[in-house]
Amino acid sequence: MEYIQQWFEQLFGATLGSTLFLFAENLVYIVAIVLPLLLGVAYLTFAERKIIAYMQIRLGPNRVTFFGISWLRGWGQPIADAVKAIMKEIIVPTGANKFLFLLAPVITIAPALAAWAVVPFSPELVLADINAGLLYILAMTSLGVYGVIIAGWASNSKYAFLGSMRSAAQVVSYELAMGFALVCVLMMSSSLNLGDIVIGQQGDSFLNWYLIPLFPMFLVYFISGVAETNRAPFDVAEGESEIVAGFHVDYSGMAFTVFFLAEYANMILVATLTSIMFLGGWLPPFNFAPFTYIPGMVWLLLKIAFILFFFLWFRATFPRYRYDQIMRLGWKIFIPITLVWIVLIGMVMQLPVSLRDTFPLNMWFS
Amino acid sequence: MSAQDTIFYFFSAVLILSALGVITFRNPVYAALLLVLAFFSAAGIWLLLEAEFLAIALVLVYVGAVMVLFLFVVMMLDINLDKLREGFWKWFPFGALIAVVIAVEIGLVMMGDQFKQIIPLQPKASDYSNTKELGRLIYTEYVYVFELAAVVLLVAMVAAIALTLRHRTDKKSPNPSSQVKVKRNDRIRMVSMAPETKE
């Protein structure tokens, strides 16, 4: 590393060289996060098709082999899909606002990728270890809705516009419940840094994770996350039986695929944040021998995969919510629950120290 | 010019240009989107001042919630631009007067004592948390002012709801909780009967 830095400084001079080196170094890290993420997205679509197929007693994609290896039937499907998407033509409707029409997919995927900057993969492995990490994540995820709104308006189509209106109202409502659920997490950890939140859950076993004292908040956060990513059963923004495909009805080719990528990247992000904030991030479930041999990042990936399975399971199980019921769930059920739980956590935190240090409470409040 | 200066001038240029765009673009959707860009650039400048909480709160509250609803309304309205511009020159002197008053007020503030001496920003230690410091001030020294502001906002919210809430009697709406509570036996009745086959 230092050798490369010296090489940069020789080439561009001391000040410019070190700046450029910092820039290049971060660029390499960003690529190292985004590439596996996009590969994960590709194989998440494959997992979704396979898992839902098995749940419905079908086989799912089983033709495209992976480099001709016969027992990996179907594993080449995501690659083939990606190649197909790149080859297809992007059609811009005549009445559409061309600039905004093409800008919308970019605005959708940019925050979905930008949020990964502060995600800690293990105690040392984090791109930007900033103090206000949780706030940054909230801010980035709240930007994703712009892509949907702009896409709906720029398409100049009634179906697309209806989809974007639904999505805007839904995402803004569920963001409140999501934010309040996270307020509980940061009250317990007394830190906005995601790494510190995980360290706050350290202990002998999984009983120390915030999942136990904040179980209702875990449910609220996770369900709000499903709603925020516009996934079934909250996928009224697409609602193919009512408004064809919602906000992306006029998109084709790579422009559509970028929306698709953003949706799945957001799913992985919500799963990661749920594992970090409630399931102990990189911590093993039991803090003794066989479990501690496995590196922390593997535990984190296992937890992410576990949560992602729920996303797919929901889609195979539940029928779509009616729109007024979605709003009712967000405003009249989730927000009151979170408000009660915030007060409850606050009361426990204000208990005398001797009481807080007795058995069940000393596991989480120290 | 250091990297920080470059970033500052970049964000300032984007901020000023987008703010100009907000008031000059004919299309209200473009104007609203440029306002989003202006907020975003302002947040970037605040980040340079190491005020990360304010910067992120600006993005979270104004960009993430307020402007979404604003855009929502602007897109839904069918705005007739020609009608909107009809009285422009009639009201121009009045608008110009207000602009001059605002400019004078800003000038008076900027020429005050606080802006006379320029204190260069000292870089804070890496464990300094702007969020924590802000929270400490808000909940200790300025707690009453802060709560007063919260109450004012609450009053505004209640008032807005009270003004728009209408109890209409001519509309039908489902009662979700009664719908959820429905059991199978409320809707169907199992009857056992002999098979009716033709002999």
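Because the structure is predicted, anything quoted here is derived from the model rather than measured.
Counting heavy atoms from C-beta on, the side chains of T229(A) and F234(A) never come closer than 4.5 Å. Residues L108(B) and V104(B) meet the side-chain proximity criterion, which asks for heavy atoms closer than 4.5 Å. A 4.5 Å side-chain heavy-atom check between Y29(A) and N26(A) finds at least one atom pair inside the cut-off.
W91(B) pairs by the ring-ring contact (aromatic ring centres under 6.0 Å, His included) definition with nothing, not counting sequence neighbours. Residues satisfying the salt bridge (charged side-chain N to carboxylate O under 4.0 Å, His left out) criterion with E147(B), sequence neighbours excluded, are absent altogether.
Within a 6.0 Å radius of CZ in F70(B), no more than 12 heavy atoms belonging to other residues, nucleotides or ligands are found. The number of heavy-atom neighbours closer than 6.0 Å to OH of Y321(A), taken from other residues, nucleotides and ligands shown, is 12 or below. Atom CD of Q350(A) is surrounded by 12 or fewer heavy atoms from other residues, nucleotides or ligands within 6.0 Å.
Neither the backbone nor the side chain of V61(B) comes within less than 4.5 Å of any heavy atom of chain A. Of the atoms belonging to I149(A), heavy atoms from both backbone and side chain fall under 4.5 Å from chain B. The parts of I56(B) that come within reach of chain A are both its backbone and its side chain, each placing non-hydrogen atoms under 4.5 angstrom from that chain. No part of L58(B) comes within reach of chain A, as not one of its non-hydrogen atoms sits under 4.5 angstrom from that chain. Both the backbone and the side chain of L135(A) come within contact range of chain B, each with at least one heavy atom under 4.5 Å from a heavy atom of that chain. At a 4.5 Å heavy-atom cutoff, the contact between N97(A) and chain B is made by side-chain atoms alone.
Heavy-atom neighbours of chain B within the stretch residues 179-188 of chain A, taken at a separation under 4.5 angstrom, are nonexistent. Interface with chain B: from residues 163-176 of chain A, residues M165(A), A168(A), A169(A), V172(A), E175(A) qualify, criterion being any non-hydrogen pair under 4.5 Å.
Counting heavy-atom pairs closer than 4.5 Å to chain B, the top-ranked of the candidates Y136(A), W153(A), F161(A) is W153(A). Counting heavy-atom pairs closer than 4.5 Å to chain A, the top residue among V63(B), V59(B), T131(B) is V63(B).
Ring-centre distance between F318(A) and F314(A): below the 6.0 Å cut-off.
Side chain of D186(B) to backbone of K183(B): a donor-acceptor contact under 3.5 angstrom is found. Side-chain N or O atoms of D196(A) include none that pairs as donor or acceptor with a backbone N or O of S191(A) at under 3.5 Å.
Using bins of under 30°, 30° to 60° and over 60° for the plane-to-plane angle, the ring pair Y251(A)/F259(A) lands in the perpendicular bin.
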